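Presented below is the structure to which this report refers.
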Number of protein chains: 2
Amino acid sequence: MQNQIEQKCRDAGLKLTGQRRTIAKVLTEATDHPSANELFQRCTEIDPKISLSTLYRTLRVLEEARIIQSHDFGEGYARFEVAKEEPHDHLIDLVSGDVHEFNHPDLERLKQFIAKEFGYDVVRHRVELYAIPMKSPQGKRRRVRS
Amino acid sequence: MQNQIEQKCRDAGLKLTGQRRTIAKVLTEATDHPSANELFQRCTEIDPKISLSTLYRTLRVLEEARIIQSHDFGEGYARFEVAKEEPHDHLIDLVSGDVHEFNHPDLERLKQFIAKEFGYDVVRHRVELYAIPMKSPQGKRRRVRS
DNA sequence: CTCTCAAATAAGAATAATTCTAACTTACGC
DNA sequence: GCGTAAGTTAGAATTATTCTTATTTGAGAG
């Protein structure tokens with residue numbers, strides 16, 4: 001009964017403590033992009049004795065092991081998500097704070113093209129669209145792969 | 001002998017104090033994207049008595065008046081630049097820390113297109129390319145409009 | 001199964017960028 | 001020149017995150 005993160009911890013040679021199991025469970029079950037504080041609240045519901053330091057350290061360790069990913073959407077704190085195979089970008093709903101993920105091949109091509117014009121190779125990038133729901137609902141609302 | 005920023009302060013109904021003139025001068029003369037600390041150092045060379053609080057407050061006020069723009073390149077602090085008429089994105093040189101500006105019309109179209117798929121209108125966006133200089137210099141090094 | 005010890009944890013102190021507070025000062029319209 | 005709202009100063013406060021130190025524990029070796 002062990003989740004993806006626990007297995008990856010093992011593979012990375014990380015000890016599996018009770019606290020890490022708790023954090024792994026919370027991260028695995030999150031469908032949003034929670035902040036450290038939100039994660040802490042969810043963790044304390046499972047284990048009220050867990051320490052905030054432990055959460056932060058674990059988040060750092062998990063990120064260094066490429067098991068999770070942190071994002072800075074300019075809110076003054078970081079948000080976290082389980083690392084996915086294929087990288088993706090984010091659209092942040094300015095009204096609700098919800099985050100949608102997308103990945104557009106044209107964007108990948110374009111960024112490489114632009115960098116090449118300057119004589120650079122892109123190592124990583126950050127594309128964030130801060131947006132509000134369309135007033136008129138007649139926009140083609142297409143289904144998006146998760 | 002007054003610079004663009006001083007005129008814009010006047011237009012915005014902001015008092016023109018000695019400190020603001022100093023900050024305006026430093027911002028106007030900057031060709032890079034300095035941090036608050038770097039700006040503070042440059043300001044104190046002109047006026048050693050200027051306060052860091054004043055710099056921060058002034059930066060906030062100037063940004064609210066759309067006279068300058070702050071950016072967060074994930075370094076733990078903000079960088080500032082004088083607001084330009086046309087918005088642009090940034091390519092950050094991971095080796096030197098230099099910042100290059102670019103604006104590609106395809107990118108603008110693409111971001112609107114992507115947002116529309118989700119039923120959103122883009123209010124603002126953030127596109128940052130973190131890159132390293134190309135090893136082989138035979139990449140097509142095209143002229144880039146400023 | 002238990003011993004060992006490097007790795008992990010808890011609690012709170014420390015850090016660092018930025019903002020706030022409260023008392024003093026100044027720009028600028030009249 | 002005057003009055004006053006806006007600005008400045010110095011340092012305290014804030015806030016997310018990291019560090020420190022003493023204590024605990026997972027998990028491999030025997």
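Owing to the predicted nature of the structure, the values given are computational and were not obtained by experimental measurement. For the numbers below, each heavy atom of this structure counts, side chains included, while hydrogens, waters and symmetry mates do not. Below, chains carry the letters A, B, ... as their sequence lines are ordered, and counting in each starts from 1.
To the nearest angstrom, P of C:dA16 lies 17 Å from CZ of B:F40. In this structure, the CG atom of A:L62 is 11 Å from the P atom of C:dA8, given to the nearest Å. As a whole-Å value, the separation of B:I50 CD1 from D:dA10 C1' is 14 Å. If you measure from atom CG of A:L59 to atom C1' of C:dT9, you get 15 Å, rounded to the nearest angstrom.
From one end of the helix from C:dC1-D:dG30 to C:dC30-D:dG1 to the other, with five pairs defining each end axis, the axis direction shifts by 30° (rounded to 10°).
Residues meeting the salt bridge (charged side-chain N to carboxylate O under 4.0 Å, His left out) test with A:E81, sequence neighbours left out: A:K84. In this structure, the side chain to side chain donor-acceptor pair (under 3.5 Å) partners of B:D32, at least two apart in sequence or on a different chain, are B:R42. In terms of the side-chain contact (heavy atoms from CB on, under 4.5 Å) criterion, residue partners of B:A12 (sequence neighbours excluded) are, by chain and number, B:L14, B:A65. By the side-chain contact (heavy atoms from CB on, under 4.5 Å) test, A:D93 pairs with A:V95, A:S96, A:D98, A:P133, B:Y120, sequence neighbours left out. Residues satisfying the salt bridge (charged side-chain N to carboxylate O under 4.0 Å, His left out) test with B:E29, not counting sequence neighbours, are B:K25. Applying the side-chain contact (heavy atoms from CB on, under 4.5 Å) rule to A:K111 yields the partners A:E108, A:V122, A:H125, B:L129; only residues at least two apart in sequence or on another chain are considered. A search for salt bridge (charged side-chain N to carboxylate O under 4.0 Å, His left out) contacts involving A:D47 returns A:K49, not counting sequence neighbours.
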| query | Going 5' to 3' along nucleotides 11-20 of chain D, which nucleotides have protein heavy atoms under 4.0 Å from the base (write B), which only from the sugar-phosphate (write S), and which from neither (write -)? | reply | B----SBBB-

| task | Mark up nucleotides 23-30 of chain C, 5' to 3', with B wherever a protein heavy atom is under 4.0 angstrom from a base atom, S wherever such an atom reaches only the sugar-phosphate, and - elsewhere. | result | ---BBS--

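Ring orientation note: the planes of A:F118 and B:H100 are tilted relative to one another, at an angle of 30° to 60°.
Under the salt bridge (charged side-chain N to carboxylate O under 4.0 Å, His left out) criterion, no residue pair touches residues 51-64 of chain A, with sequence neighbours excluded. Residue pairs satisfying the ring pair (Phe, Tyr, Trp, His ring centres under 6.0 Å) criterion with at least one member in residues 37-78 of chain A, sequence neighbours excluded, are listed as follows: A:H71-A:F73, A:H71-A:H90, A:F73-A:H90.
Regarding contacts with the backbone of D:dT25, every side-chain N or O of A:Q19 stays at 4.0 angstrom or more from both OP1 and OP2.
The pair B:R126-B:D72 meets the salt-bridge criterion, with a side-chain N (NZ, NE, NH1 or NH2) lying under 4.0 Å from an Asp/Glu carboxylate O.
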